[in-house]
Structures are given as structure tokens and as C-alpha cells.
Amino acid sequence: MTRFDQHLIADRGQPAHAIEIIAPAACDAWLAAQSARTRATLAAQRFTGKPGRHAILPGEGEAWSVVAVVDQPGALWSLAALPAALPPGTYRASTGGGEFGWLLGQYRFDRYKPADDAEPRILLTADAATLPETLRLAEATGWVRDLVNTPASDCGPADLEAAAETLAKRHGAHVVVRRGDELEQGYPMIHAVGKAAARDRAPRLIELHWGDPQAPRIALVGKGVCFDTGGLDIKPSAGMRLMKKDMGGAAHALALADLVMAARLPVRLHLLIPAVENAIAGDAFRPGDILRTRAGLTVENTNTDAEGRLVLGDALTRAGEEYPELVLDFATLTGAARVALGPDLPPLFTDDEALAADLLAAGRDHTDPMWRLPLWDGYDEMLKSDVADLVNAPDGGFAGAITAALFLRRFAPQDAAWAHLDVFAWRPGAKPGRPKGGDAYALRAAFAVLKKRYVAGASGVPERSHT
């Protein structure tokens, strides 16, 4: 995992190469103010006023500085392209605000292939107060990327359990895990989806508890389908290619839990990860099977490739048994969400207007956008079954993201504010600071909402977390 604390440190007057940040509109005036020698040096490097261009300017002796044209100086990703373009060293930017992008511009997934250039580019920041949180946000994002990028051979249900145990040890939390046939009675949908996997990849429900038992209770739920063949409704090979990322919801929930505990928010945290592999074997669940649920409902399984909502259903029911006041679930749930909104914009589903407003505002404020789609009551009838309480996947293919969210609503706690985020967890094309591969969506926005609602340092917060 990339060590971001090596890339951003407090500015205490250390020697550093200056980076002059210029907006495109100001570039002509800046160039006119430079000496003929400087303009010649810039011309030799084909420097223009287009965003993304930079040049190195010689100084006295061996000193040198950088000039960079940035579309929006101070924006989150404004410095993201520079680390890959500059030599190793220590830098000081003329404009703050791009520290997060600077850090993520140096993310590398090097578990199986060493990075070509791992030497850090260090940025000095004058905003020491926000330094710890900027680092934590970068580390959380990097952790999501690492988990999603890791192939299923090294990231199965047991590996997600190990990740939760590591997180618990870091923060003094407590983990409870139910595995294999132990799930059959209490969590029958999780068991049904995961039972065809090999014994060492048996299904499990991972629960982490942290915080003062008397504090407001919140639940984070993440879909942990470590690989999805589609089951007996098998995916084509092209559709199966990226299914290592189908545990992206679990990666988001783990990372958000880490942020909550590191910030010591005054909450009682309940993290739930239903971790399964949707495999094919003689005991795989079948189309047409009637599945029991922890909530007491019966579900007609119309498609074994609509398994994520099944495991989330039992996990959401369990979350409600602790009477939380807020529940957030993250899931790589539907291709329909990608068709509607593309890979960058996760749909948000909630019936709670205040929570919707908070999440959307945080998305705008933190450059971590999402788009609200309706929990349209009129589509509830699509979930009707002739032989069970409901189906998991309606026929016809209409409104797939909405009907999946409506299915989850049947199992979400009725007395809690609940939001469902259908994240893609994958970036199909590279951008500065955002390489192709696993990525976090709505993570920073969700954390901002939790911080706003549960301010760290409030009266009654214990000195040490309880388990």
C-alpha cells in the first residue's frame, strides 16, 4: 500500500522547489512579466498556457523551480498530474488546496508488479491543521483501490474477514464472524448465495462493533461478493472479467469505518460485510428457488446473477436489530446504474430528505458527486411474485437500479435514516490522480456527512473506545 505520509508534510521552512501555479487566463500576463531568458527557456520546453502544461526554470547555482498551468488552482485534483511529471524532491506550491490530488497522483498498485518509480515527491503544506485528515482520506481511498484491484485469488471472503480483524486491532474494535453452514438458519440468503464456493471460501457475515454503547448508533453495510460468476445464470466471459471488483461495496464500508474510528466520531459503529463467492457447483442455488430470509419474507430467485441484493437483504435486517439511527450501504449492485449515470456518478437512493440533502451537498463541496434517483413506489409491483413475497429481479429489465434499491428497502430498518449507494468502484479510463482500476466513489462525501452529524469532541465521548 502506498505510504502517503511520505508525500505530504508540514511546511516548517524546509528547502524546497517552488511551484508557481497559474490559471490559464493569467498565463499571458505572467509570461509578459518574465525576462527574455525565461521566456526562451519556456519556449524550449514547449510551455503554453494550456491546462496541464508545466516547465522547469533554472535558478541560482543548482536551484530550480516549476511553473504549472492548472485549470482550477486550489481545486481537489489541481496538482494530481504533477508528481508523475516532476523529478523526486521536495516542493512548495504557491496555491494550497490540491494536497489530496498530489497524494493520489502517487498511488501505485504494486502488489504484483513493482512500481517503475516509487521515490516520493514531497509536498510541503502550510495547512498543518488539515494534514492528518488529508492523509487519512488519501489512505482510505488507496485502501479501497488496493482491495478492489486485488484479484479474487487473494481477496476472498476470508481475506475480507482478515481485513476487518486488522481494522479492529488498529482501533480497539470487536469482530464477530458467522461462517459456512452456521449461516443457514439465521442468514439464509447469504448462505444460499455463497454455499457453492470451496470450503476455504465459505460465505460469512462479518460484523465489527466499535464506540460507546450509549452513543448514537450507525451502521455501514458493504456488499462483499468477492467474485461473481453469475451463478447458474452464468455471465459471459466479458462480463466476468472484472468481477473481482464485486466486493467494492465492502471495500468502501471498510474504508469509511476506518475513517470514522480514526476520527473518533462519537458514535456506536456497526460495520456489516456479507462476504461470499457466487460460484457454480452441484449445490449452487437455482433460478426458481424460494429463499427464506432473516426478515421472515420469502424471495423467489429469478436470477442467480442478482445475488448482491440477496446478501445485503440479510445484512440490512441484522443492522436493524441494533436499532441504528442511520444506515449507509455501499454496493456494486447494478449494471443499470452504469447505463443511467456512467462510471463516475453513483446513484443515491433514500427516502430521507435531510440525509439526501446532506449527501448531495457534501458531494458538491468535496468534489465527490452522486446523483439522486427515486425509490419510485409505483415500481414496487415489479417485485411481486406468484409464489413468494417478492422476486429478487423483475422480468423486463426496466428500471433495474431502482427495483434493486426497492428490494433493499424491504429489508432496511424502517425507523432509521437509510441510504443506498450503487457504486461502480472502478475507473475504466485514467485521469490525473485516478489511474485505471479500482477507485472510491462517494467515500469522502459520506465521511463529511458523518462528521457533520456526529462532531468529534462532543460531550460524553469516551477517552477510549468501548467494544
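The first residue in the sequence is number 1, and the count goes up from there.
- Just one of Val221, Leu205, Ile190, Leu316 meets the side chain to side chain contact (heavy atoms under 4.5 Å, CB included) condition when paired with Val311; it is Ile190.
- In terms of modelled atom types and a separation under 3.5 Å, the side chain of Glu99 and the main chain of Gly97 share a donor-acceptor contact.
- Asp246 and Thr332 share a side-chain donor-acceptor pair at under 3.5 Å.
- Put simply, the side chain of His252 gets close to the backbone of Tyr441: a donor and an acceptor are under 3.5 Å apart.
- Taking CD from Gln14 and CD1 from Ile9, the interatomic distance works out to 5.0 Å, rounded to the nearest 0.5 Å.
- Classification of Arg108 and Asp110 as a salt-bridged pair fails, no side-chain N sitting under 4.0 Å from a carboxylate O.
- Rounded to the nearest 0.5 angstrom, Met240 CE and Lys235 NZ are separated by 8.0 Å.
- Summarising the geometry, atom NZ belonging to Lys223 is positioned 14.5 Å from atom CZ belonging to Phe330; distances are rounded to the nearest 0.5 Å.
- Taking the charged nitrogens against the carboxylate oxygens, Arg318 and Glu207 do have a contact shorter than 4.0 Å, which makes a salt bridge.
- A donor-acceptor contact closer than 3.5 angstrom is absent between the side chains of Asp314 and His191.
- Between Tyr112 and Asp154, the side chains place a donor N or O and an acceptor N or O closer than 3.5 Å (distance only, hydrogens not considered).
- With hydrogens and angles disregarded, no donor-acceptor distance shorter than 3.5 Å links the side chain of Ser78 to the backbone of Pro73.
- To the nearest 0.5 angstrom, Leu86 atom CG is 10.5 Å from Leu123 atom CG.
- Every residue two or more places apart in sequence or in another chain that forms a salt bridge (Lys or Arg N to Asp or Glu O under 4.0 Å) with Arg444 is listed here: Asp368.
- Between Phe407 and Phe411, the two ring planes are tilted [angle within 30° to 60°].
- Applying the salt bridge (Lys or Arg N to Asp or Glu O under 4.0 Å) test to every pair with at least one member in residues 332-357, sequence neighbours left out, gives these pairs: Arg338-Asp422, Asp344-Arg427, Asp344-Lys431, Asp351-Arg409, Glu353-Arg372.
- Using a cut-off of 4.0 Å between Lys/Arg side-chain N and Asp/Glu carboxylate O, Asp181 and Lys195 are scored as not salt-bridged.
- With a 4.5 Å cut-off on side-chain heavy atoms, Glu161 and Arg204 count as touching.
- Across every non-hydrogen atom of Ala173 and His209, the tightest pair is CB-O, 3.3 Å.
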